[in-house]
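Inspection log for the structure reproduced underneath, given as structure tokens.
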Amino acid sequence: MQENSKSTEAGRRPSSALQAPSSRESGEGKDVAIVGGGIIGICAAAFLAEAGLDVTVFDRSGICEETSSGNAAAFAFSDVLPLAHKGMIRQLPKWLADPLGPLSIPPAYLPKLLPWLIRFWRAGAPSKYEASLATQAGMMKLAEAEWTDLLDRSGTRSMLREDGSLELYESEAEFKASLPGWAARRRFGIGFRHVEGDGMAALQQGLSPRFVKGTFVPGWKTVADPKLLGKAVWAYAQAKGARFETALISRIAADQYGVVLTLADGTVRRAGRLVVAAGAWSHLLARQLGDRIPLETERGYNTTLPVGAFDVKRQLIFSGHGFVITPLATGLRVGGAVELGGIERAPNYARSKALLEKARKFLPGLDPSGGREWMGFRPSLPDSVPVIGRAPGSRSVVYAFGHGHLGLTQAAATGRLIRELILGQTPSIDLAPFSPQRF
């Protein structure tokens, strides 16, 4: 659900399952509406359609046409450290001093952002570290298992790349600062090895000599192209009976029959159950049900260069600069960084240009020409844990949003958990840390 949508795609009839209520449409029927056609919504659709439910997905643009189309393409199953524990708070003053650095906050937006920043700061308290780490590690374990199975079931395993990742450091001090995080990962069975010199060159030729050490994570995975993967998973969901309607959902409400969806053109759809998976716009819908969830928007930028811009062997991570370089089947993607600026401000593509200039310095010989710039909205919660659970005031509504940088990574796990919630099954993991009521 996002702004400025066409209300209904020409020539497409609305699902008959989402019309007038019947005696069984009291939240127990088989019809489920999903608001949001990004990777979270379509994975939920796939899992629900597999279970025999009547699923209709609503989105203003299409399947994986917005934020899910331009991400860094990583299955970051080893990325178990919440953002608040990654040294962001320590580096905040330095980063904010550079308007084109890894983190930017437009001054005019700061007053609105301040409550979220306070929550983010509190989430980084040492007393919360172990619980946050365990929550993310459990979610990642489920995510890896569910993606493995879903790729097989949907016939998309050929889109998976298992080349690992290489994180790079410009100084001994930067490397040493990373060691506690690697020690935490080791406790959860995540494999890695530190490299330097010839070992680093063997993993990636052509690096600038400014990088003195690196860490190779063999279990890190990427996909050939996130947009193409999303559309392929949707094709599988569609083959199982899921339907799509191009529409902007302007209002949601719950009643004794289930849920009522009002489209931008004033027409109404009904469903027995509703999944809110609208990314950075989800909290606006949740607010209509009386739920105030502190969702903020991390605006991410990238440039996708043509294939052949540089021979990058695996995803390269420049954590000190807040961006990555990913080789895709469709090009070379240079992107990341964070701009906490909401959903209404115009893009500042000077940020993507700054990242590309850094990439040119880090990979001498990179051809920066012919790139395609992009900006997307990462829906982020202060503790880096998504909301997955029933709306407090309505058992007919389930929330699934706020995955931040990890939407692609955690989408299949979220789909599994949503199916379990809808069907009343015991969740695969404890959902208490994901509760909409935790704030």
Side-chain angles (χ1 to χ4, degrees), residues 2 36 38-41 43-44 64 66-89 91-92 95 102-105 113 115-117 119-124 128 131-133 135-140 142-143 147 181 226 230 276-284 286 293-302 317 319 322-324 326 335-343 375-389 399-415 417 433-436 438-439:
Q2 293 145 8
I39 193 66
I40 301 296
C43 280
C64 283
E66 298 201 20
T67 299
S68 293
S69 72
N71 61 62
F75 280 159
F77 302 125
S78 64
D79 196 4
V80 297
L81 297 180
L83 279 179
H85 297 291
K86 284 186 174 182
M88 275 189 68
I89 294 174
Q91 299 193 71
L92 205 59
W95 284 356
L103 175 62
S104 174
I105 300 174
L113 181 66
W116 188 94
L117 285 176
R119 290 177 182 272
F120 179 77
W121 174 72
R122 290 174 176 168
K128 298 182 179 181
S132 297
L133 190 62
T135 295
Q136 284 287 42
M139 184 63 163
M140 291 303 194
L142 179 64
W147 261 122
V276 177
W281 286 260
S282 298
H283 64 305
L284 302 178
I293 297 174
L295 188 74
E296 192 44 70
T297 305
E298 296 181 44
R299 296 146 59 95
Y301 292 83
N302 69 46
I317 301 173
S319 56
F323 80 101
V324 303
T326 312
V338 172
E339 181 184 48
L340 293 167
I343 56 178
M375 189 270 283
F377 302 96
R378 307 183 190 106
S380 297
L381 291 161
D383 56 3
S384 301
V385 176
V387 162
I388 303 174
Y399 294 145
F401 58 83
H403 295 74
H405 297 249
L406 300 170
L408 175 63
T409 300
Q410 297 180 344
T414 302
L417 294 168
F434 303 86
S435 170
R438 70 184 188 267
F439 300 105

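Numbers here simply count residues along the sequence, with the first being 1. Only heavy atoms go into these numbers, but all of them, side chains included; no hydrogens, no water, no symmetry mates.
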Nearest non-hydrogen partners of [X] and [Y], listed with the distance:
{"X": "R378", "Y": "G404", "result": "CB-O, 3.8 Å"}
{"X": "P82", "Y": "S132", "result": "CG-CB, 3.5 Å"}
{"X": "A412", "Y": "C43", "result": "N-SG, 4.1 Å"}
{"X": "R438", "Y": "P433", "result": "CD-O, 3.2 Å"}
{"X": "A280", "Y": "P379", "result": "N-CB, 3.5 Å"}
{"X": "K128", "Y": "A123", "result": "CB-O, 4.0 Å"}

So, the side chain of [X] versus the backbone of [Y]: is there a donor-acceptor pair under 3.5 Å, distance only?
{"X": "S380", "Y": "E298", "value": "no"}
{"X": "R299", "Y": "V338", "value": "no"}
{"X": "T67", "Y": "F377", "value": "yes"}
{"X": "Q136", "Y": "S384", "value": "yes"}
{"X": "N71", "Y": "S68", "value": "yes"}
{"X": "W147", "Y": "T409", "value": "yes"}

Checklist entry - Going through the checks in order, is the ring pair (Phe, Tyr, Trp, His ring centres under 6.0 Å) test met by W281 and F401? => result CA-CA 9 Å; W281 286 260; F401 58 83; over 10 Å; no

Side-chain contact test, heavy atoms from C-beta onward, threshold under 4.5 Å: evaluate it for [X] versus [Y] and give yes or no.
{"X": "I39", "Y": "H403", "result": "no"}
{"X": "P382", "Y": "P294", "result": "yes"}
{"X": "V387", "Y": "V276", "result": "no"}
{"X": "L284", "Y": "I343", "result": "yes"}
{"X": "M139", "Y": "F434", "result": "yes"}
{"X": "F439", "Y": "L381", "result": "yes"}
{"X": "E296", "Y": "H283", "result": "no"}
{"X": "S282", "Y": "Y399", "result": "no"}

Measure the spacing between [atom1] of [X] and [atom2] of [Y] and express it to the nearest 0.5 Å.
{"X": "F77", "Y": "L406", "atom1": "CZ", "atom2": "CG", "result": "10.5 Å"}
{"X": "L117", "Y": "L340", "atom1": "CG", "atom2": "CG", "result": "6.5 Å"}
{"X": "L113", "Y": "I105", "atom1": "CG", "atom2": "CD1", "result": "5.0 Å"}
{"X": "M375", "Y": "Y301", "atom1": "CE", "atom2": "OH", "result": "4.5 Å"}

Next on the checklist: Looking at R122 and D383, is any side-chain nitrogen of the basic one under 4.0 Å from a carboxylate oxygen of the acidic one?
Outcome noted: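 So D383 does not pair with R122 through a salt bridge.
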
